[in-house]
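Data block below; observations after.
Here the structure is a predicted model, which means the values were calculated and not measured. Atom set for the values below is all heavy atoms of this structure, side chains included, hydrogens, waters and symmetry mates excluded.
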Amino acid sequence: MKLLYSLLGAMLGGMARLPFRALYALSDVIFFLLYYVVRYRRRVVLDNIVASFPDMSASECRATARQFYRNFADYFVETVKLAHISDEEMMRRMEFENVATVDRILSSGRSIVVYFAHCFNWEWAPSITLWSDLKPGRDAVFSQVYRPLVNKWFDSYFLKLRGRFHSESYPKRTVLRDLIKERRAGMPGICGFMSDQKPSHGDVAHVVNLLNHPTAMITGTEQVARKLDSAVMYMDMYKLRRGHYRIVMRLITETPSRLPEMAITERYASLLQQTIRRNPSIWLWSHKRWKIPVTFPDNESKD
């Protein structure tokens with residue numbers, strides 16, 4: 001098994017050194033295999049898109065699904081490329097707007113909780129450190145929450161990629177404790193939470209109308225922001241063209257305690273919906289997000 005992982009590591013390391021032109025040629029092959037040969041979750045993807053966009057024609061839904069698979073294949077090669085990409089090229093390919101607001105809040109000594117989603121390519125988001133005037137680890141802590149993978153080799157591999165631009169990765173089960181440690185050390189921080197998954201078993205959920213579905217949203221992100229009195233922002237992802245993205249840092253609130261309960265979660269859901277509707281093919285449609293039906297507490301549909 002060790003030999004197998006050594007060979008895999010060498011293969012991925014070699015891929016990371018390829019120019020983007022070669023990587024996207026490989027991505028085209030991966031797309032063909034996923035979509036036409038393996039047909040990886042094609043029914044799940046198309047059913048999700050059709051149900052989420054009732055006004056979209058059948059041909060538009062199929063075109064969106066095909067583009068999703070192209071983006072999915074690009075995601076794979078772009079993520080591998082993180083192991084061997086210069087800061088300068090990363091900045092050319094992943095732009096950030098409104099980082100000045102991030103720096104202002106952190107420089108005042110306050111921390112930030114950031115909502116994010118599985119919009120391609122989310123693995124490039126930690127490169128925000130390249131756009132900040134603050135030095136990671138000295139002026140502020142840049143971090144993201146992750147769920148440890150069962151496979152230890154892949155878990156270690158992805159942690160290295162996610163730390164490429166000097167950000168920390170905190171396990172979901174200990175993130176609150178880790179952020180409290182930051183505060184006690186007198187270090188402000190910005191931490192990204194992928195909050196578009198379904199809530200884990202036993203987690204408190206809040207039901208909103210998302211993409212034509214009553215949807216149980218994760219509430220832990222809002223709870224962390226309230227407990228730590230952190231400012232709250234949203235990473236709004238734009239795919240400009242192949243291999244080029246922009247994230248706009250949108251402020252949700254600097255005073256979470258002044259908002260009603262679940263108002264932050266609802267605002268995030270609204271922003272996420274705008275992102276997906278703007279370009280549906282960049283969201284991760286291959287999950288059975290609405291496998292278990294939920295209803296609003298009053299059993300009535302909400303706008």
Honestly curious: do I264 and L179 fall in one hydrophobic cluster under the side-chain, below-4.5 Å linking rule?
no
Indicate if F116 and L251 have the same hydrophobic cluster label, given that clusters are the connected sets of ILVMFWY residues with side-chain heavy-atom separations under 4.5 angstrom.
yes
Work out which heavy atom in W124 is nearest to a heavy atom in T79; give both atom names and the distance.
NE1-N, 4.4 Å
Examine R250 relative to Y234 and say whether NZ or CZ is less than 6.0 Å from the centre of the six-membered ring and inside a 45° cone about the ring axis.
no
Would you give the length of the straight line joining atom OG1 of T64 to atom OH of Y69, rounded to the nearest 0.5 angstrom?
13.0 Å
Distance (rounded to the nearest 0.5 Å) between D155 CG and K160 NZ
11.5 Å
Say whether V248 and F120 are linked into one hydrophobic cluster, either directly or through other cluster members, by side-chain heavy-atom distances under 4.5 angstrom.
no
Between the side chains of S107 and D103, is a donor N or O closer than 3.5 angstrom to an acceptor N or O?
no
For the NE2 atom on H166, are there more than 12 heavy atoms of other groups (residues, nucleotides or ligands in this structure) within a distance under 6.0 Å?
no
To the closest 0.5 Å, what do you measure between CD1 (I276) and OG (S281)?
11.5 Å
If only atom types and distance count, is the side chain of E168 paired as donor or acceptor with the main-chain N or O of S143 below 3.5 Å?
no
S167 side chain to F165 backbone, donor-acceptor under 3.5 Å
no
Does a side chain donor of either Q197 or H287 reach within less than 3.5 Å of an acceptor in the other side chain?
no
Minimal heavy-atom distance between A205 and T219, with the atoms involved, is C-CG2, 3.8 Å
Working note: D196 + R289, criterion side-chain contact (heavy atoms from CB on, under 4.5 Å); need CA distance, chi angles, decisive distance, verdict.
CA-CA 9 Å; D196 59 333; R289 299 181 182 277; 3.9 Å; yes
Compare every heavy atom of V232 with every heavy atom of A225, then report the nearest pair and how far apart it is.
CB-CG2, 3.6 Å
Checking W283 side chain against A117 main chain: does a donor-acceptor pair fall under 3.5 Å?
no
Tell me, with the steps shown, if V99 and D133 meet side-chain contact (heavy atoms from CB on, under 4.5 Å).
CA-CA 9 Å; V99 180; D133 290 334; over 6 Å; no
Is the terminal nitrogen or CZ of R93 (NZ for Lys, CZ for Arg) located under 6.0 angstrom from the six-membered ring centre of Y245 and within 45° of that ring's axis?
no
For the hydrophobic clusters of this structure (ILVMFWY residues joined by side-chain heavy atoms under 4.5 Å, transitively), does one cluster hold both V50 and Y40?
no
Verdict with supporting geometry, D28 and R242, salt bridge (charged side-chain N to carboxylate O under 4.0 Å, His left out):
CA-CA 12 Å; D28 290 340; R242 196 175 204 183; 2.9 Å; yes
Kindly list each side-chain donor-acceptor pair under 3.5 angstrom involving residues 5-23, sequence neighbours excluded, with atom names and distances?
from	atom 1	to	atom 2	distance (Å)
Y5	OH	N151	ND2	2.7
S6	OG	K2	O	2.9
R17	NH1	H84	NE2	2.9

Heavy atoms of M94 and A125 approach each other most closely as CE-N, 4.3 Å
For L211 and Q273, run side-chain contact (heavy atoms from CB on, under 4.5 Å): C-alpha distance rounded to whole Å, both residues' side-chain angles, the deciding distance at 0.1 Å, then the answer.
CA-CA 7 Å; L211 297 173; Q273 182 164 257; 4.1 Å; yes
Whether over 12 other heavy atoms sit under 6.0 Å from R278 CZ:
yes
Flag the pair D178 and K172 as a salt bridge only when some basic side-chain nitrogen lies within less than 4.0 angstrom of an acidic carboxylate oxygen.
no
Could you tell me the separation between the NE2 atom of H118 and the OG atom of S195, rounded to the nearest 0.5 Å?
10.0 Å
So, F72 versus F68, ring centres under 6.0 angstrom or not?
yes
All heavy atoms of R162 vs all of S169, minimum pair found to be CB-OG, 4.0 Å
Any side-chain donor-acceptor pair under 3.5 Å between N71 and K239?
yes
What I want to find out is whether E254 reaches R104 closely enough, with some N-O distance under 4.0 Å, to be called a salt bridge.
yes
At what distance, to the nearest 0.5 angstrom, does CZ of R267 lie from CG of L271?
4.0 Å
Which distance, rounded to the nearest 0.5 Å, do you find between the CD of E123 and the CZ of R164?
14.0 Å
